[in-house]
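Report on the following structure.
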Amino acid sequence: MSSAQSKASLPVIKRLPKYYRYLTSLQAEGRDKISSSELARMMGTTASQVRQDFNCFGGFGQQGIGYKVDVLLSEIGKLLFGDGELLPTVLIGAGRLGTAVSSFISRDTNGYRLIGAFDTNPALVGKEVAGVAIRPLEDLEEFCAENKPVVAVLCVPRQSAMELSGELVRLGIQGFWNFSHYDLSVEYPDVTVENVHLGDSLMSLGYRLRNLDNG
């Protein structure tokens, strides 16, 4: 990682996909340039914040005259997707949630390549999710040795995640997209983790709806 990238905090990194999404829409509309203030309005932030975010990665060299949409999109795309090589990924838990998220994993635009899916339910073994055959969990070690996935998507209950996570790290997994309600980042601080708590998001929505009178 370059010294510029190493300066980026997690909140800045988490804003990059949103920048990428808005810039993709702008490009589709045929926009050539955009100012930091206009981009800030779209993002719900300030022009100063936009410039600070971009300065974490070298600034992209367009300040003062507006940013070129295609340059920004290209540079942020490199930050998010590297050289375009797709990260080999396995899905652990191929039930309803796993099936739902598998389509996101397997879209090339997201930077991942789903290469394996595993479940303990014999009724699911042999079926497919996103074009990948579901295998029994006992095949995981041999599969990882042969195919060397670096990302695991956990769509299993908390207890299963607790039992499996150490094994997955031992098998070479470097990153988790974790839906299990078990905070892997506490247990494995050297592994990159994105914890997804759908219930937290739903409760936050409920709070905001119930407290509209409070602003």
Side-chain angles (χ1 to χ4, degrees), residues 1 6 8-18 80-82 86-107 109-210:
M1 179 179 287
S6 65
S9 66
L10 190 56
V12 175
I13 293 166
K14 285 184 174 288
R15 281 193 289 272
L16 288 177
K18 191 173 181 181
L80 291 171
F81 308 119
L86 301 178
L87 296 170
T89 301
V90 290
L91 172 69
I92 313 296
R96 283 176 292 181
L97 178 59
T99 298
V101 302
S102 65
S103 62
F104 290 98
I105 312 162
S106 57
R107 289 176 188 164
T109 52
N110 286 334
Y112 298 83
R113 178 166 54 94
L114 185 63
I115 61 172
F118 299 85
D119 204 284
T120 57
N121 184 351
L124 295 177
V125 172
K127 295 182 178 180
E128 289 191 354
V129 288
V132 173
I134 301 170
R135 302 167 182 262
L137 194 59
E138 53 262 32
D139 289 358
L140 182 63
E141 182 167 5
E142 181 181 357
F143 182 90
C144 288
E146 290 180 2
N147 298 281
K148 297 181 171 50
V150 298
V151 176
V153 180
L154 297 183
C155 293
V156 294
R158 187 178 192 276
Q159 185 63 38
S160 298
M162 292 174 67
E163 295 168 358
L164 283 170
S165 52
E167 177 76 357
L168 287 161
V169 172
R170 185 182 69 78
L171 293 173
I173 293 298
Q174 300 169 28
F176 289 91
W177 197 24
N178 176 31
F179 290 82
S180 73
H181 299 297
Y182 170 52
D183 195 344
L184 291 167
S185 52
V186 172
E187 189 76 21
Y188 303 100
D190 296 330
V191 176
T192 304
V193 180
E194 279 286 335
N195 292 308
V196 183
H197 296 289
L198 297 176
D200 288 8
S201 181
L202 200 56
M203 283 186 279
S204 296
L205 173 64
Y207 172 87
R208 291 165 65 191
L209 287 170
R210 293 181 178 100

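- The two residues Leu114 and Ala130 make their nearest non-hydrogen contact at CD2-CB, 4.0 Å.
- When atom types are taken as modelled, the side chain of Asp139 and the backbone of Phe143 share no donor-acceptor pair closer than 3.5 angstrom.
- Here Arg135 contributes atom CZ and Leu124 contributes atom CG; the two are 15.0 Å apart, rounded to the nearest 0.5 Å.
- By the 4.5 Å heavy-atom criterion applied to side chains, Leu168 and Leu140 are counted as neighbours.
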Worked check of side-chain contact (heavy atoms from CB on, under 4.5 Å) between Val151 and Ile105: CA-CA 10 Å; Val151 176; Ile105 312 162; over 6 Å; no

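- Taking all atoms of both residues into account, the shortest heavy-atom contact from Gln174 to Val191 is O-CG1, 3.3 Å.
- One finds the OG1 atom of Thr120 at 6.5 Å from the CG atom of Leu137 (value rounded to the nearest 0.5 Å).
- Within the 3.5 Å criterion, the main-chain N or O of Ala123 finds a donor-acceptor partner in the side chain of Asn121.
- Atom-to-atom distance recorded for Lys148:NZ and Ile173:CD1 is 12.0 Å, nearest 0.5 angstrom.
- In this structure, CG in Asp183 is found 11.5 Å from CE in Met162, a value given to the nearest 0.5 Å.
- Other residues, nucleotides and ligands place more than 12 heavy atoms under 6.0 Å from the CD atom of Glu167.
- In this structure, the side chains of Pro88 and Asn147 stay at 4.5 Å or more apart for every pair of heavy atoms.
- Summarising the geometry of Ser165 relative to Tyr182, their closest heavy-atom pair is OG-CE2, 3.7 Å, with the distance given to 0.1 Å.
- Taking OG of Ser160 as the start and CD1 of Ile92 as the end, the distance is 10.5 Å to the nearest 0.5 Å.
- Between Val12 and Arg15 the shortest side-chain heavy-atom distance falls below 4.5 Å.
- Val125 is not listed as a side-chain neighbour of Asp119, based on a closest heavy-atom distance of 4.5 Å or more.
- Between Glu141 and Leu171, some side-chain heavy-atom pair lies under the 4.5 Å cut-off.
- You'll find the side chain of Val101 stays beyond 4.5 Å of the side chain of Val196, heavy atoms only.
- We find the CG-NE2 distance between Asn178 and His197 to be 7.0 Å, quoted to the nearest 0.5 Å.
- Summarising the local packing, CZ of Arg96 is surrounded by 12 or fewer heavy atoms from other residues, nucleotides or ligands at distances under 6.0 Å.
- Listed here is the closest heavy atom pair of Ala94 and Ile134: CB-CD1, 3.6 Å.
- Within a 6.0 Å radius of NZ in Lys18, other residues, nucleotides and ligands contribute more than 12 heavy atoms.
- The shortest side-chain heavy-atom distance between Lys14 and Glu194 falls under the 4.5 Å cut-off.
- Side chain of Asn110 to backbone of Phe104: a donor-acceptor contact under 3.5 angstrom is found.
- Two residues are said to be in side-chain contact when any heavy atoms from C-beta on lie closer than 4.5 Å; Val129 and Leu91 meet this criterion.
- Here the closest non-hydrogen pair linking Val156 and Gly93 is CG1-CA, 3.8 Å.
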